[in-house]
Structure formats: C-alpha cells, structure tokens
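Shown next, in structure tokens, is the structure this report addresses.
Here is how names work: the chains are called A, B, and so on, in the same order as the sequence lines, proteins then strands, and each is numbered from 1.
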Number of protein chains: 2
Amino acid sequence: MPDTLGAPRGEALLFLTDEQLRQGIEAMFFAYRGFTADPDRILSTLSYGRAHHRAIHFINCAPGTTVNNLLNILGVTKQSLNRVLRTLIEDGLVESRVGRADKRERHLYLTEEGKALERQLSDAQRARMRAAYRAAGPEAVVGFRQVLEAMMDPEMRRNYMKLREGRE
Amino acid sequence: MPDTLGAPRGEALLFLTDEQLRQGIEAMFFAYRGFTADPDRILSTLSYGRAHHRAIHFINCAPGTTVNNLLNILGVTKQSLNRVLRTLIEDGLVESRVGRADKRERHLYLTEEGKALERQLSDAQRARMRAAYRAAGPEAVVGFRQVLEAMMDPEMRRNYMKLREGRE
DNA sequence: GACACTACGTCAGCCTTGTTGACATTCCAA
DNA sequence: TTGGAATGTCAACAAGGCTGACGTAGTGTC
C-alpha cells in the first residue's frame with residue numbers, strides 16, 4: 001500500500017487508527033467523570049452545582065471580569081449565568097461592583113468566603129490532577145496538554161490562552 | 001530548600017506547580033467542550049441529547065450488554081437510563097432482547113438505523129480527535145492517554161480496560 | 001437633546017437529564 | 001415456597017440549560 005503523504009510510513013500513523021481514536025474518546029469520557037467527581041461531592045453538600053463551580057473558578061482567575069466576559073468564557077446564556085450568580089451574590093461568595101468607566105458593566109469579585117470555597121474546590125481538583133500528573137510523568141503531561149489544546153474550538157482556545165497570559 | 005522525596009530535584013517537579021495544574025484543569029474544561037460539540041450539533045437536530053449518544057456509543061461497543069451493565073458504565077440511575085432507552089427503542093434505533101440464560105435480563109443491540117446514527121456521531125467525534133492527534137503527534141498521544149487513565153476513578157478505569165479488552 | 005445601542009437583570013416557560021421513592025413483574029436459587 | 005435479584009414503570013422533583021420578552025440604566029452618535 002503506497003504512502004500517499006510521502007514522509008511518514010504506515011506504521012508511524014498507527015496512533016490514528018479508528019480503534020486508537022475510539023479509546024481516546026472513551027478515555028475522555030471516563031477521565032472527565034473523575035475530573036469533576038471531587039468538586040461535585042463538595043458542592044452537593046452546599047446545594048451548589050457544577051455551574052457554581054465554573055463561575056467561581058473563572059471569577060477567581062480573572063477578578064473584576066464583567067458579566068459579558070464570563071458569559072463568553074462559560075458559553076452559556078445570561079439568564080443561566082444570572083441564576084447562578086444571583087445565588088452566589090446572595091450567599092455572599094461573590095461581589096458585584098458597578099464599573100467605574102462604564103457604569104453599565106458589573107465587575108465580579110470573590111469575597112473572602114468565596115475565595116475560601118474556591119480554594120477548597122480547587123485543592124480537591126488539583127490533588128487529583130497532581131496525582132495523575134505524578135503517575136504519568138512530565139513528558140506525558142506535555143503531551144496531554146498538547147492534545148487537549150488541539151481539541152478545543154479555536155474560539156475557546158483563544159479564551160484559554162488569554163486566561164493563561166493574564167496570570168503570567 | 002531540601003528535597004523531601006530524595007530522588008528528583010526541585011526543577012524536575014515544575015510540572016506539578018499549582019499554576020501548571022490550574023492550566024491543566026482549564027484545558028480539560030475547554031477541551032471537553034470541543035470534544036462534545038460536534039455530536040451535540042448532530043443530536044440537537046434529532047431532538048436527542050448527550051445521554052442518548054452515550055447509550056448508543058456503549059451499546060455499539062458491547063452489543064448484547066445488559067441494562068445493569070450499561071448502568072454501571074454510564075454511572076446513572078436505571079430510571080434515567082430507562083427514559084433514554086425507551087425513546088431509542090420506540091424510534092427503532094435500539095433493540096431489547098430478553099436474555100436466554102436469564103430471562104430477567106434484557107440484552108441491548110443497535111438496529112441498522114441505530115448503527116447508522118452511531119457511525120454518523122462517532123465519525124464526527126473521531127474526526128476532531130484525529131485532527132487533535134495529528135496536530136500533537138504520536139508521543140503526545142501516549143502522554144495524553146496516560147494522564148487521562150491516571151485521572152479516572154479506579155472503578156471507571158476497570159470499566160475502561162474491560163471495554164478495551166473486549167475489542168482486542 | 002433625541003435616538004439607537006449596549007450591558008445587565010428579570011420574568012415566564014420549556015426541555016433534558018439527573019435524582020428518590022414506591023411498586024409490579026418475572027424469574028433464579030436456596 | 002420463599003427471598004432476592006433484575007427489570008420496568010409511575011410520580012414527583014431539581015439543576016441547569018434554552019428562548020423570548022421586557023425594563024432600566026448608561027453610552028455614544030447624529
């Protein structure tokens with residue numbers, strides 16, 4: 001069977017077989033379940049859900065972010081986000097400040113209590129991630145990140161990069 | 001600062017910093033969105049959801065699987081699964097056969113129509129996975145899989161391995 | 001100043017998909 | 001025969017998505 005691409009020969013492309021891809025798909029499914037399991041347990045005791053976790057996470061990452069900005073990152077409607085945000089503000093975990101330059105905007109911040117919950121959630125999630133990283137080793141981690149980045153929608157990849165830059 | 005573990009020195013553990021872990025967490029979040037985006041688009045035109053996709057996927061992987069078995073793999077209640085299965089059976093995508101050895105059990109199979117939808121969904125999902133694999137390269141794929149496997153709950157890892165063995 | 005537009009909040013209603021609890025049926029096995 | 005396992009089904013409920021409509025406040029433009 002001739003190699004239509006020229007450079008890499010058949011065997012070098014074994015990682016692109018349907019069976020390999022299928023295993024990757026299932027690995028994503030099962031791993032994502034593990035990924036969310038620990039925070040989910042904590043949240044359920046507080047009658048919060050994953051949606052609250054996501055909001056808390058990204059507000060913590062980018063303090064002072066606007067509602068619109070958060071909407072784009074999370075990829076939900078403002079009505080959905082608002083429901084979550086309202087409870088977090090009522091419960092004193094998030095503070096909403098009217099913008100100085102543009103008073104239509106609301107800038108979101110975690111309160112001390114909000115930061116405490118964020119820490120609790122991300123400690124649990126990081127512990128699992130750390131264990132997985134340690135078990136797999138540094139080279140595997142590089143590969144892991146490369147594949148994940150390549151799997152994102154371009155727009156989400158931009159959001160992802162932006163968040164990283166903001167912390168460097 | 002002394003190295004408490006002995007062997008690897010500080011720099012070798014840079015991949016375990018909180019910032020690295022945080023980036024990994026966000027990468028998982030954004031990548032999973034991409035991972036499900038293509039099937040979701042197809043499903044929404046058929047008034048099906050992700051739950052239907054998951055059922056179809058695993059019935060296709062393990063034809064003749066029982067309801068209970070599927071329950072364990074998917075990690076949902078029988079009532080939840082039943083609602084999904086009922087619509088799939090009504091729509092003629094899934095066939096439920098009474099067990100021969102144990103007539104309490106129902107063995108699940110995809111019909112031709114079900115297989116066609118499965119193919120449509122998995123083609124879309126594999127296309128994205130293939131693009132990501134190709135962009136990242138074979139070494140990255142190995143690392144990707146290693147980290148994902150390490151991130152699973154032990155019970156889910158067993159399910160994952162079992163599915164793989166069944167196809168080899 | 002009038003007007004269009006933007007950012008945000010909110011109300012109402014709908015859908016999917018998860019949950020619990022209760023109960024019927026069927027059938028295997030002790 | 002009787003207990004328990006596997007399954008199906010009904011009802012009720014909640015989280016968290018969605019759309020559509022409407023209100024309000026602030027911005028920017030003509």
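Of the residues in residues 97-110 of chain A, those lying under 4.0 Å from DNA chain D by heavy-atom distance are A/A101, A/D102, A/K103, A/R104. Listed by residue number, the members of residues 65-90 of chain B with any heavy atom below 4.0 angstrom from DNA chain C are B/V76, B/T77, B/Q79, B/S80, B/R83. Near DNA chain C, meaning a heavy atom under 4.0 Å away, there are no residues from residues 25-36 of chain A. For the segment residues 42-50 of chain B, the set of residues with a heavy atom within less than 4.0 Å of an atom of DNA chain D is empty.
Proximity of A/M28 to A/L148: side-chain heavy atoms (C-beta onward) are separated by under 4.5 Å at one or more points. Counting heavy atoms from C-beta outward, A/N69 and A/I73 have side chains that approach closer than 4.5 Å. Between B/Q20 and B/L14, the closest side-chain pair of non-hydrogen atoms is not below 4.5 Å. Here the side chains of A/F35 and A/M129 are in contact, with some heavy-atom distance below 4.5 Å. By the 4.5 Å heavy-atom criterion applied to side chains, B/D18 and A/R130 are counted as neighbours. Using a 4.5 Å cut-off on side-chain heavy atoms (C-beta onward), A/E149 and A/M152 make contact. Here the side chains of A/I59 and A/L85 are in contact, with some heavy-atom distance below 4.5 Å. The side-chain heavy atoms of A/N60 and B/R22, taken from C-beta on, include a pair separated by under 4.5 Å.
Counting only residues at least two apart or on different chains, the salt bridge (charged side-chain N to carboxylate O under 4.0 Å, His left out) pairs with a member in residues 50-73 of chain A are A/D40-A/R50.
One hydrophobic cluster, built from ILVMFWY side chains closer than 4.5 Å, cannot hold both B/V142 and B/V147; they sit in different ones. Hydrophobic clustering of Ile, Leu, Val, Met, Phe, Trp and Tyr side chains at less than 4.5 Å, counting indirect connections, keeps B/L117 apart from B/Y109.
With sequence neighbours left out, B/F58 forms a ring pair (Phe, Tyr, Trp, His ring centres under 6.0 Å) with A/F29, A/F30. Scored by the ring pair (Phe, Tyr, Trp, His ring centres under 6.0 Å) test, B/H52 finds B/Y48 as partners (sequence neighbours excluded). In this structure A/E19 satisfies the side chain to side chain donor-acceptor pair (under 3.5 Å) test together with A/Q23, B/R167, sequence neighbours excluded. Every residue two or more places apart in sequence or in another chain was checked for a side chain to side chain donor-acceptor pair (under 3.5 Å) with A/T66, and none qualifies.
The minimum heavy-atom distance between A/R128 and A/A37, with the atom names listed, is NH2-CB, 4.0 Å. Pairing each heavy atom of B/A55 with each of B/L88, the nearest pair is CB-CD1, 4.1 Å. Between A/L16 and A/L21, the shortest heavy-atom contact is O-CD1, 3.5 Å.
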Applying the Watson-Crick and G-U criteria (both distances under 3.5 angstrom) with [ ] for crossing and | for other-strand pairs, one obtains for DNA chain D ||||||||||||||||||||||||||||||

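Taking the 5' to 3' direction, DNA chain D first and last meets chain B under 4.0 angstrom from a heavy atom at D/dG4 to D/dC10. Protein chain A contacts DNA chain C from C/dT6 to C/dC11, reading 5' to 3' and using non-hydrogen atoms of the protein with a distance under 4.0 Å.
The NZ atom of B/K115 sits 12.5 Å away from the CG atom of B/L93 when rounded to the nearest 0.5 Å.
Below 30°, between 30° and 60°, or above 60°: for A/H57 and A/H53 the angle between ring planes is above 60°, a perpendicular geometry.
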